[in-house]
Amino acid sequence: MTDTATIAAMNQNEQTEWVALARSLTPDEWAAPSLCTGLSVRDVVVHIAAHIHREPRSARIAAAYVLTGFAVARTERRLDRWQRRRHAARSTDEIVDWLAEPISSPDSPTQLSELVIHQQDVRRAISRPRVIAADRLRAVLDFSASKDGNRSVNFANNRIGGLRLVATDLDWTLGDGPEVTGPGEAILVAINGRNQALSDLSGPGLPTLIRRTVKWSSKFASA
């Protein structure tokens, strides 16, 4: 388990990288679709800036779940639409300045996971690859598959149960069963429900992961 001081430092580093990326985006890149179904790069930047500053508040999230019958994908889409309307008039410079403001929960592994995963949603979509620091990547992989991370991020355990995940570029493995192997970043993106990373993976467990991931992502396409 990574200690809170280390998580806080990782959050700061990840936020700094996010801000640098956002400041460098061209108008075409801001408008481009991200890996998040139905969301542009701008939508994702707004989403992550909002998330690290605790928007929306718990009461709005709870109300959205009630209105959608507790359907995760439909709730996420409802909240995304609300955020898009709320921040539609803000310039991209204003959005980046907001993203750069101090994180509300700097020692939160959920915040770190949101920052890392959503940065890849943008980078992969616009072909801006990076090398994620190994300790940061390992921490988010571990959290995604933990009980708390499963509930607070993307329900990864629903997709990786009964599989053995093996990163080929860092010392990290998880689980038992048919293997899925590949770069740690691709494993992270895939187990968090992004179909686009599946082609970077291999192994006898891959068909199972593909089936589960496609099923998960299809909920957002129809939400």
Group every Ile, Leu, Val, Met, Phe, Trp and Tyr by side-chain heavy-atom contacts under 4.5 Å, then state whether [X] and [Y] land in the same group.
| X | Y | result |
| --- | --- | --- |
| Leu198 | Trp216 | no |
| Phe143 | Leu163 | yes |
| Leu137 | Leu165 | yes |
| Ile61 | Ile52 | no |
| Ile117 | Leu174 | yes |

Counting only N and O atoms by type, is there a donor-acceptor contact under 3.5 Å from the side chain of [X] to the main-chain atoms of [Y]?
| X | Y | answer |
| --- | --- | --- |
| Asn157 | Lys147 | no |
| Arg164 | Gly175 | yes |
| Arg123 | Arg128 | yes |
| Arg60 | Leu79 | no |
| Asn11 | Leu112 | yes |
| Asn192 | Ser144 | no |
| Arg78 | Ala64 | no |
| His53 | Glu101 | yes |
| Thr37 | Ala221 | no |
| Thr213 | Ile210 | no |

For [X] versus [Y], what's the shortest heavy-atom pair and its separation?
| X | Y | answer |
| --- | --- | --- |
| Ala197 | Leu201 | O-CG, 3.8 Å |
| Arg124 | Val189 | NE-CG2, 4.1 Å |
| Pro178 | Gly162 | CD-O, 3.2 Å |
| Asp169 | Gly182 | OD1-O, 4.5 Å |
| Leu21 | Gln119 | CD2-CG, 3.9 Å |
| Leu141 | Gly184 | CD2-O, 4.0 Å |

So do [Y] and [X] actually touch side chain to side chain, heavy atoms under 4.5 Å?
| X | Y | result |
| --- | --- | --- |
| Gln111 | Ile7 | no |
| Leu25 | Ile126 | yes |
| Ile103 | Leu115 | yes |
| Arg23 | Thr92 | no |
| Arg42 | Ile95 | yes |
| Glu114 | Ser108 | no |

Any side-chain donor-acceptor pair under 3.5 Å between Ser40 and Asp43? yes
Can you tell me if Thr181 and Thr168 form a side-chain donor-acceptor pair at under 3.5 Å? no
Check step by step if side chain to side chain contact (heavy atoms under 4.5 Å, CB included) holds for His118 and Cys36. CA-CA 8 Å; His118 283 309; Cys36 297; 3.9 Å; yes
Could you grab the distance from atom [atom1] of [X] to atom [atom2] of [Y], nearest 0.5 Å is fine?
| X | Y | atom1 | atom2 | answer |
| --- | --- | --- | --- | --- |
| Leu188 | Arg136 | CG | CZ | 12.5 Å |
| Asn158 | Ile191 | CG | CD1 | 11.5 Å |
| Gln196 | Ser217 | CD | OG | 8.0 Å |
| Leu99 | Gln15 | CG | CD | 6.0 Å |
| Glu29 | Ser34 | CD | OG | 13.0 Å |
| His87 | Trp82 | NE2 | CH2 | 6.0 Å |

Is Glu185 salt-bridged to Arg194, cutoff N-O under 4.0 Å? no
Heavy atoms from other residues, nucleotides or ligands near CG of Asp148 exceed 12 (cutoff 6.0 Å): yes
Test log, rule salt bridge (charged side-chain N to carboxylate O under 4.0 Å, His left out), inputs Glu76 and Lys219: CA-CA 11 Å; Glu76 291 288 337; Lys219 296 178 181 180; over 6 Å; no
Run the numbers on Ile132 and Gln120 for side chain to side chain contact (heavy atoms under 4.5 Å, CB included), then give the verdict. CA-CA 10 Å; Ile132 304 172; Gln120 297 314 111; 3.8 Å; yes
Stepwise, does the salt bridge (charged side-chain N to carboxylate O under 4.0 Å, His left out) test hold for Asp135 with Arg138? CA-CA 5 Å; Asp135 58 344; Arg138 194 178 292 110; over 6 Å; no
Looking at residues at least two apart in the chain, or sitting in another chain, which of them share a side-chain contact (heavy atoms from CB on, under 4.5 Å) with Ser91? Asp93, Glu94
